[in-house]
Amino acid sequence: MDASDPITAALFSAFIKCPMKAHLLASGAPVTGTFFADMETRISSMYKAGAKQRLRVGTDTAKPLNFGEIWRDPDCPTVTREVDCETAIYDFALPPRRPGRRQPQKSKPPCTFVPVLLLPWDKLDVSDNLAVCFGALALAQATGILPDIGALIYGEGYDIGPVAEVVGIGLA
């Protein structure tokens, strides 16, 4: 892996759990015995689909955006948009936009992006908060504005976990 290669959310999450796994993933090593990883991926995707339907019933906002959709929708039809942290990418090749700086107010309110992580498991881990913070840093790189908070939605009841205060942990 070259130092200029972008870091994906999957690579960041792998590094948090096991640096060797992240190294192998980044170098493109062949993956063997993925039965449990494939099962976890299926469970997560089914949970995400259910969460998106359940959480948006009766509201006028759209489903959480994939990270790549930020670039396609610069006008922001709603004031707050949620961005799925699992699709975040931090690219070292992009010029820094000085995260944490607020852009000056324009005639209409700027869009606010909130990093969101949807987890099917009932127990949260420290790595989940770090994944939300990674999403916040990637959003700061893409938009120039560091989100103040992020959200964890988890478990069978689609509970909203302790909101990760991005500013409170010293990232701003």
Side-chain angles (χ1 to χ4, degrees), residues 1-29 31 37 40-41 43-45 47-49 51-52 55 62-73 76 80-103 110-155 158-172:
M1 176 176 182
D2 188 10
S4 64
D5 289 344
I7 299 174
T8 64
L11 187 60
F12 180 77
S13 293
F15 181 80
I16 291 170
K17 294 173 183 165
C18 176
M20 179 56 81
K21 179 179 179 180
H23 172 73
L24 293 172
L25 184 64
S27 65
V31 181
E40 184 176 306
T41 301
I43 290 170
S44 291
S45 66
Y47 180 81
K48 268 183 162 180
K52 287 176 183 178
L55 296 173
K63 66 179 181 171
L65 295 171
N66 283 335
F67 190 76
E69 294 175 29
I70 294 170
W71 301 106
R72 283 185 246 148
D73 192 14
C76 300
T80 301
R81 298 297 302 260
E82 296 161 341
V83 181
D84 186 357
C85 288
E86 289 185 347
T87 61
I89 299 173
Y90 190 88
D91 193 349
F92 288 106
L94 292 177
R97 287 189 161 190
R98 301 192 45 126
R101 295 262 189 194
R102 297 288 176 187
Q103 292 179 340
C111 208
T112 301
F113 294 103
V114 177
V116 175
L117 188 60
L118 302 168
L119 300 164
W121 325 117
D122 286 328
K123 186 175 179 184
L124 296 176
D125 193 291
V126 173
S127 64
D128 300 328
N129 281 330
L130 290 173
V132 171
C133 292
F134 174 78
L137 286 174
L139 281 170
Q141 183 184 43
T143 65
I145 300 172
L146 181 68
D148 294 331
I149 61 169
L152 291 164
I153 299 173
Y154 70 99
Y158 301 99
D159 299 321
I160 297 176
V163 176
E165 293 186 33
V166 177
V167 174
I169 61 170
L171 294 178

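These numbers were taken from a predicted model, which means no experiment stands behind them.
Classification of the Phe134-Phe12 ring pair by plane angle, with boundaries at 30° and 60°, yields parallel.
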Assess whether side chain to side chain contact (heavy atoms under 4.5 Å, CB included) is satisfied between Ile145 and Phe113, documenting all intermediate values. CA-CA 9 Å; Ile145 300 172; Phe113 294 103; over 6 Å; no
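Residue Ala136 comes nearest to Pro147 through the heavy atom pair O-CD, 3.6 Å, listed as atom of the first residue, atom of the second, then distance. Here the shortest heavy-atom pairing between Asp128 and Leu117 reads O-CD2, 3.6 Å. Nearest heavy-atom pair, Ala10 versus Leu25, reported as atom, atom and distance to 0.1 Å: O-CD2, 4.2 Å. Counting all heavy atoms, side chain and backbone alike, Gly135 lies closest to Ala88 at CA-CB, 4.0 Å.
Take Phe15 and apply the ring pair (Phe, Tyr, Trp, His ring centres under 6.0 Å) test, not counting sequence neighbours, and it matches no residue.
Contact annotation: the side chain of Pro115 approaches that of Val132 to within less than 4.5 Å [non-hydrogen atoms, C-beta and beyond].
Distance check: Leu118 CG to Ser45 OG gives 11.5 Å after rounding to the nearest 0.5 Å. How far CG of Leu119 is from NZ of Lys48: 9.5 Å, rounded to the nearest 0.5 Å. A distance of 10.5 Å separates NZ in Lys21 from CG in Leu11, rounded to the nearest 0.5 Å.
Note on residues 115-126: pairs passing side chain to side chain donor-acceptor pair (under 3.5 Å), not counting sequence neighbours, are Asp125-Ser127.
The backbone N or O of Gly155 sits less than 3.5 Å from a side-chain atom of Tyr47, completing a donor-acceptor pair.
Each of Leu152, Ile160, Val83, Ile153 was compared with Val116 under the side chain to side chain contact (heavy atoms under 4.5 Å, CB included) criterion, and only Ile153 meets it.
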